[in-house]
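Step one of this worksheet: look at the structure below.
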Amino acid sequence: MKFLIKSQNPVSQFIQITLYIPVRHLSQVRLQLPTWRAGRYQLTNYVQNIRNLQVISPNGDPISHSKLTKDLWEFSPDHVGEYKVRYEYYCAKMDAGSCWVDEEQLYLNFVNCCFEVEGRSEERIQVEINHPDNFNYCTTLLTENGEFFASNFQQLADSSFLASQSLAHESFKVGDVNFHLWFNGEIHFDLAEFKANVQSFAEKQIEAFGEFPVDEYHFIYQLLPYAHYHGVEHQRGTVITFGPAENLSERNHLNELMGVSCHELYHAWNVCQIRPQEIMPYDFSKEAYHQAGWIVEGITTYMGDIFLLRSGYFSLEEYSETFEKVLNRESVNFGWKNQSILESSFDLWIDGYVAGIPDKKVSIYTHGALIAFCLDAMLLDENSSLHQVMKILWRKFGKPKIGYTLEEVWEVILSQTEHSIYFNQFYEDFIAGNEDIFPVVEKHLSSLGIELGSKPKEDHLASTFGIIKSKDGKITKIHPDGEAYQKLMVEDVIKSEEIKDGILSISIIRFGRKLEIELTSSASNLFKDFFLIDKKSNQKRTAWIS
């Protein structure tokens, strides 16, 4: 099979795709367009971007086809030969997992726009992409004799392509593995230093696992002139979008880019290879429910930051600042009272990537990272580590490409300790349960010679009255233990406020109605900011960061 892709009018943002299907038997041909992509467990409905689909017989005549579901087509071949499926796809979403075309670039994630032919998913797929001669390109597809191909549909769906008139390139090697850095957009940082830092954390990650899953890996960066932050993992690379690009001249913004880069590289093992059995392999035609969010994204979020510390890019102070961001995002979310991280993982398909209703769920990224940190600290006390656990999971499940169950992962963790009761209680309380993880995080930080401190949020509305608002005065969060929870609503707009003798008088607009509300100040701080204090290094800390 073969896909031919071109864009006759780039500023229209449409591409024209022809799928060539050799038909050897006169049976129904079904074309399934993916409805989601790897790394984002949410239905996306790529089908909304398709128009003008036609099926052409070997003699050049159009033949009829029917649509069975929103993203499944079918046609009946009348004789053997090569059939053509022609259609257009609208490429107008710029992020790390979508498609974009204009006069300056052609950027594709094939899972968005390429059909899977049912029953023929294991066949080799050739890909031909027409782009201007003055464009350079990069891709995570395989190449042979100057042609692009994927070994099967799973690999095609896991691949990206970028052709641009301004594409910068750097490369390095770690052992026998070739790493490539591709940059589309303006570069506002020292490229040689950036490459050296990426190489450092790549070396540390490979050292931790003992080997790299593939022989070639591509970091593909879309450096944008507007605010953006996104990364998507692939077995042979990652696409990362970041903007505004000019902000990368500042260390704090460059830290964000390095953070997502280190995170996505860790996915080359965790998720791309070490994967829950529910998504081994991916079935892109429907939801694939699993409860492993704390593993797939929580551990990866934690490891992405810790490897920047272990490689020397982060100082302990910078690492602490990153950890503080995780803590402070978690401190305003009370979803743990209502849903375990196992349940939140399952519910990713419902609302996992948007705010959702107040305090319903936990983040598999930040809450999962705190779980990973606690497990790492616990394992260090057993003369092991979370790194050792992940190395075992790589050898047992990732390398042989066998999907794991949660029970099997937990068995590996228990194999590293003689105190299984202690670990099982942690699982029941903080992974399967609804206990507050902050006291446990504080305890394990202390064991590393790091104190967890807190202070009232600078905004008195948040600290004293439990109200968080946006710049325009709209209430976005209300602390469930404050009086405001009984009198105010999320979406209320605060127009004025006055405090006298500990009483807050505010005027609000509630869906067009003007109301006057009085609140009594809380005896304790409600919303707080957390910070880390480096007290004294110790042997456990040395093992943690080395």
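Each residue takes its place number in the sequence, starting with 1. The figures here come from the full heavy-atom set of this structure, side chains too, leaving out hydrogens, waters and symmetry mates.
- Using a 4.5 Å heavy-atom cutoff, the side chains of Thr322 and Asn255 are not in contact.
- Between Tyr221 and Phe183, the ring planes lie parallel to each other; the angle is under 30°, not in the 30° to 60° tilted range.
- Taking a 6.0 Å sphere around NZ of Lys286, one finds it holds 12 or fewer heavy atoms contributed by other residues, nucleotides or ligands.
- Classified by interplanar angle (parallel below 30°, tilted 30° to 60°, perpendicular above 60°), the ring pair Phe242/Tyr229 is perpendicular.
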Checklist line | Trp100/Tyr107 under ring pair (Phe, Tyr, Trp, His ring centres under 6.0 Å): CA gap, chis, key distance, verdict | finding: CA-CA 5 Å; Trp100 179 274; Tyr107 164 52; 9.0 Å; no
Next item on the list: Decide salt bridge (Lys or Arg N to Asp or Glu O under 4.0 Å) for Glu144 and Arg124; before the verdict, give the C-alpha distance in whole Å, the side-chain angles of both, and the deciding distance to 0.1 Å.
Entry: CA-CA 12 Å; Glu144 184 177 77; Arg124 175 181 166 128; 3.1 Å; yes
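- The backbone N or O of Ala268 lies less than 3.5 Å from no partner atom in the side chain of Tyr217, so there is not a single donor-acceptor pair.
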Next item on the list: List the steps, then state whether side chain to side chain contact (heavy atoms under 4.5 Å, CB included) holds for Cys374 with Val441.
Entry: CA-CA 6 Å; Cys374 291; Val441 171; 3.7 Å; yes
Check: Given Trp336 and Phe430, is the ring pair (Phe, Tyr, Trp, His ring centres under 6.0 Å) satisfied, shown in steps?
Finding: CA-CA 9 Å; Trp336 55 270; Phe430 304 109; 9.3 Å; no
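- In this structure, Lys2 is positioned above the aromatic face of Tyr20, its NZ or CZ under 6.0 Å from the six-membered ring centre and within 45° of the axis.
- Under a 3.5 Å cut-off, the side chain of Asp376 and the backbone N or O of Leu386 do form a donor-acceptor pair.
- Tyr87 places a side-chain N or O within 3.5 Å of a backbone atom of Cys113 that can act as its donor or acceptor partner.
- Annotation: side chain of Leu308 is not in contact with side chain of Tyr319 (no heavy-atom distance under 4.5 Å).
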Check: side chain to side chain donor-acceptor pair (under 3.5 Å) between Gln416 and Glu382: does it pass, once the steps are laid out?
Finding: CA-CA 7 Å; Gln416 302 300 296; Glu382 307 292 320; over 6 Å; no
Next item on the list: Verify ring pair (Phe, Tyr, Trp, His ring centres under 6.0 Å) between Trp36 and Phe284, making sure each step is shown before the conclusion.
Entry: CA-CA 6 Å; Trp36 60 283; Phe284 295 111; 5.2 Å; yes
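- Few gaps surround CD on Gln48; more than 12 heavy atoms of other groups in view lie less than 6.0 Å from it.
- More than 12 non-hydrogen atoms from other residues, nucleotides or ligands lie less than 6.0 angstrom from NZ of Lys360.
- The aromatic ring centres of Phe212 and Phe179 sit less than 6.0 Å apart.
- Tested against Asp359 for a side-chain hydrogen bond (donor to acceptor under 3.5 Å, both in side chains), the candidates Lys477, Gln339, Lys337 yield a single pass: Lys477.
- Using cut-offs of 30° and 60° on the angle between ring planes, the pair Phe110 and Phe161 is tilted.
- Within the 4.5 Å cutoff, the side chain of Glu123 has no heavy atoms near those of the Asn152 side chain.
- The aromatic rings of Trp73 and Phe115 stand perpendicular to each other, their planes meeting at an angle above 60°, with 30° marking the opposite boundary.
- When the shell of 6.0 Å around CG of Asn383 is examined, it contains 12 or fewer heavy atoms from other residues, nucleotides or ligands.
- Side-chain contact between Leu265 and Phe201 is present, with heavy atoms from C-beta onward closer than 4.5 Å.
- Taking a 6.0 Å sphere around NZ of Lys401, one finds it holds 12 or fewer heavy atoms contributed by other residues, nucleotides or ligands.
- The six-membered or imidazole ring of His387 lies near that of Phe307, with a centre-to-centre distance under 6.0 Å.
- By the 6.0 Å and 45° rule, Arg275 stacks over the aromatic ring of Tyr282.
- Proximity of Ile299 to Met390: side-chain heavy atoms (C-beta onward) are separated by under 4.5 Å at one or more points.
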Next item on the list: Decide ring pair (Phe, Tyr, Trp, His ring centres under 6.0 Å) for Phe323 and Phe373; before the verdict, give the C-alpha distance in whole Å, the side-chain angles of both, and the deciding distance to 0.1 Å.
Entry: CA-CA 10 Å; Phe323 201 101; Phe373 165 72; 5.1 Å; yes
